[in-house]
Trainee: 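Have a look at the structure that comes next, please.
Nothing here was measured: the structure is a model prediction, and the numbers come from that model. Residue numbers begin at 1 in each chain, while the letters A, B, ... track the order of the sequences.
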Amino acid sequence: MTLLLILILMPFITGIIVYFIKNNPARRLIWLLVAIAHVILTIKAAYFTQYLLAEQWIGMDSLSALFLSLTSFLFFLVTIYGIGYVSREPAEQRPDSETGGLLHNAPESVFTGSMLIFLASMTLAILSRHLGLQWVAIETTTLASAPLIYYHQNRRSLEAAWKYLILCSVGIAIALMGIFFIGLSLPQGVHDITLLDLLQNAGKLNHKWLELAFVLMLVGYGTKMGLAPMHNWLPDAHSEAPSPVSALLSGALLNCAFLGILRIQQVFYAAGIASFGQDLLLLFGLISIGTAAIFLLGQTDYKRMLAYSSVEHMGILTLGMGIGGLGVFGSLLQMINHSIVKVILFLTAGNIHSKFHTKNASDVKGLSKVMPVTAGLWFVGFLAIVGSPPFGIFVSEFTILRAAILKHLWVAAILFSLFLVIAFIGITNVILPMIFGPAKMRRRRETFVTLISAIILAVLALNMGLWIPGWLDEVIRRAAVLLEGGMN
Amino acid sequence: MNTICIILILSCLFILGSSRPRVAIRVVAIQGIFLGMLPIVRSLHSLSLAILILAFSGILFKGIVLPLLMQTVVKQTGIQRETDPIVPFSASILIGVVLLGLSVWISTQMSLPERVSLLNTVSAMFLILVGLFLMITRRKALMQTLAYLVMENGVYALGVSISLDFPLIVELGILLDVFVGVFIMGNMLFHLDREFQHTDVDRFTELVETNKLNESGEVKP
């Protein structure tokens, strides 16, 4: 319990402290140290500590162990990249390459502070076992990440951040309505909506209110997760945010909103009405994959392309949950793979943007000659995200497809494969022309700090496709069992 | 308690018809104060310290601090009155009456348990619907912030009417989130005003979907 509190409070308090530190190197050092400490403590809490079932407000179970390990590890890698990123950003005003106006970054202390508070709120969202507390945490992630999105303070990023803040806040307010309705479903004598209360009294919950709550929470958290048709903010925010922020939004934040939906689905499994939730999840999943696939076709902006690909993959996660059974395992595996690959792609996109100063894919040519290592990573990321065989996403997408066929959901299986093909065409058309073709610029030296995180993740992505380590397989399996009504 | 609910409903109708940001902010402030009193009035016989803390921090944040902050934003950015909303003010009030009917209908259809007051639920639903309506039909970013606050007030009132006993820390967390949210929106209004020289949300058009298919006319948007 103390350990978990430290996990939440450490980044929160240091996040507030760094806001007042004037010295840049000191602030960056604190950022790095907190990220390292967070990884170590997460490993200790998730794998070397007994889970306590009786914990009321915050606690660890195998589902949160899985989510927290992923979030903490990705945050650490993004930190390495991010420190390099902020130190390269000039402090003075300069011309904006995209709108023609002037661009003046927010102070670096605001950036670092928001980053750490963002980590704290994601940790709380993952660890909270009270649905109200989880709501508070997820709303805090929105508030902490909004200043990160408009770090550049130009028109485009302000517009994106405004849209993000308004849409997500409204969406999340709707989710809060849903949480209140869960309160109405409680039987006599139960007053609080901790996960423990809900799971122990699952048989006695009023189904009518529970179902209404599910719909509201799916719409609310679905907005935050980027499910179509509520995904409107996502392409703007993810493409306008600085690249390390986009990487975290896609790789870590969307998962937290997904966990919000999973928790209520967990209650549904326990209450024996999981099929109601599954049908809705299946529907939203397919709509999201389809919408994203259509927008991926003919996309001209490579960061927007990555954002739509996130919508697509969030749809795949939801679809897997909707299928149930083997699909639950596939969905959790897909979540890990997607996070890894999407962080590679966004970090690499940041490198490309810092050289070419454009997000327009057709203006980027001959990447393999200008920045060979970045081009290699971009290509690996491309192969992985479209689901080519040696990489992890192939395995998890195939698992979900197989789950659909096993359950005789033929329409879902056919639509899923069709959308994947469309998305494949869209992504290929953007990425391949960028890598090949004649170079207009001279070759550029690539710095180690901008590459190392993506290289580590690329090795992992390949590894996840060839051989999933035993302990990870065990954690995913236990999380899937937990979701479907098991204990711990 | 019923009086408070009626005041909440009336304040919404007032906001629907007001074009001046300062007036609208003042009405939202009054709404926040009465909303803060709602939990005290509801449990007048079983008053606890937690409820008092919650009520007073609610009044402080929603009734005093946030409105003052918004007034400062209006003063410093010189945001003009909402001249040309997408739905005219008189029509807005009429739609407000329709929304009121809708929220009565929803609340009666929900077949709520005995302990839940019907009027309280109606007013909560009405606040939520009016908040959403304002969000869609007003052009000024400031009015969208107010709309968010009205909607959030509605969700809060719904929580009070259902009388769910959340732990104090969660309740305060919700309140703090709303506060910080509106605070950040207010801060962004400054930046928006500086960059765009206006705060009309429908004229934020930097991020239009540029799709090859749209440009060549193969797929109509």
Trainee: Above 12 or not: heavy atoms from other molecules or residues under 6.0 Å from CZ of B/Phe190?
Mentor: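 It does: B/Phe190 CZ has more than 12 such atoms within range.
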
Trainee: Could you tell me which portion of B/Met185 (side chain, backbone, both or neither) has an atom closer than 4.5 angstrom to a non-hydrogen atom of chain A?
Mentor: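 Its backbone and side chain both get close to chain A.
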
Trainee: Passes side-chain contact (heavy atoms from CB on, under 4.5 Å), B/Leu158 versus A/Phe181? Steps please.
Mentor: CA-CA 9 Å; B/Leu158 188 73; A/Phe181 283 129; 4.3 Å; yes

Trainee: Considering all heavy atoms of both residues, which atom of B/Met188 and which atom of A/Leu158 are nearest to each other, and what is their separation?
Mentor: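 Taking every non-hydrogen atom into account, CE-O, 3.5 Å.
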
Trainee: Relative to chain A, which segment of B/Ala124 carries a heavy atom at a distance below 4.5 Å: side chain, backbone, both, or neither?
Mentor: neither

Trainee: Checking side-chain contact (heavy atoms from CB on, under 4.5 Å) for the pair B/Val155/A/Phe180: CA distance, chi angles, key distance, verdict?
Mentor: CA-CA 9 Å; B/Val155 175; A/Phe180 286 143; 3.7 Å; yes

Trainee: In terms of heavy-atom pairs under 4.5 Å, which option from A/Asn206, A/Leu165, A/Leu186 contacts chain B the most?
Mentor: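 When all of A/Asn206, A/Leu165, A/Leu186 are compared, A/Leu165 has the most.
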
Trainee: Are more than 12 heavy atoms, taken from residues, nucleotides or ligands other than B/Phe133, located less than 6.0 Å from that residue's CZ atom?
Mentor: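 For B/Phe133, atom CZ is crowded (more than 12 foreign heavy atoms under 6.0 Å).
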
Trainee: Quick check for you: among A/Leu133, A/Ile193, A/Leu143, which has the greatest number of heavy-atom pairs under 4.5 Å with chain B?
Mentor: A/Leu143

Trainee: In the structure I gave you, are the side-chain heavy atoms of B/Ile174 and A/Glu139 within less than 4.5 Å of one another anywhere?
Mentor: no

Trainee: Would you please test A/Trp135 and B/Asp177 for side-chain contact (heavy atoms from CB on, under 4.5 Å) and show each step?
Mentor: CA-CA 10 Å; A/Trp135 183 91; B/Asp177 266 348; 4.2 Å; yes

Trainee: Let's test your reading of the structure: which of A/Leu176, A/Ile179, A/Leu212 forms the most heavy-atom pairs below 4.5 Å with chain B?
Mentor: A/Leu176

Trainee: Quick check: closest heavy atoms across A/Gly132 and B/Val170, and the distance to 0.1 Å?
Mentor: C-CG1, 3.6 Å

Trainee: Between side-chain atoms of residues 98-110 of chain B and protein atoms elsewhere (two or more places apart, or another chain), which donor-acceptor pairs fall under 3.5 Å?
Mentor:
{"residue": "B/Ser103", "atom": "OG", "partner": "B/Leu99", "partner atom": "O", "Å": "2.9"}
{"residue": "B/Ser103", "atom": "OG", "partner": "B/Leu100", "partner atom": "O", "Å": "2.9"}
{"residue": "B/Ser107", "atom": "OG", "partner": "B/Ser103", "partner atom": "O", "Å": "2.6"}
{"residue": "B/Thr108", "atom": "OG1", "partner": "B/Val104", "partner atom": "O", "Å": "2.9"}
{"residue": "B/Thr108", "atom": "OG1", "partner": "B/Trp105", "partner atom": "O", "Å": "2.8"}

Trainee: Looking at B/Ile162, B/Val180, B/Ile169, which one has more heavy-atom pairs under 4.5 Å with chain A than the rest?
Mentor: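 Maximum pair count with chain A is reached by B/Ile162.
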
Trainee: What's the spacing between B/Gln144 CD and A/Ser169 OG if we round to 0.5 Å?
Mentor: 11.0 Å

Trainee: Given a strict heavy-atom distance threshold of 4.5 Å, which part of B/Leu176 is in contact with chain A: side chain, backbone, both, or neither?
Mentor: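 No part of B/Leu176 comes within 4.5 Å of chain A.
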
Trainee: Could you pull out the closest heavy-atom pair between B/Leu192 and A/Trp162, with the gap in Å?
Mentor: CD1-CE3, 3.7 Å

Trainee: Quick check on A/Ile172 against chain B: is it the side chain, the backbone, both or neither that has a heavy atom closer than 4.5 Å?
Mentor: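 Interface part for A/Ile172: neither.
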
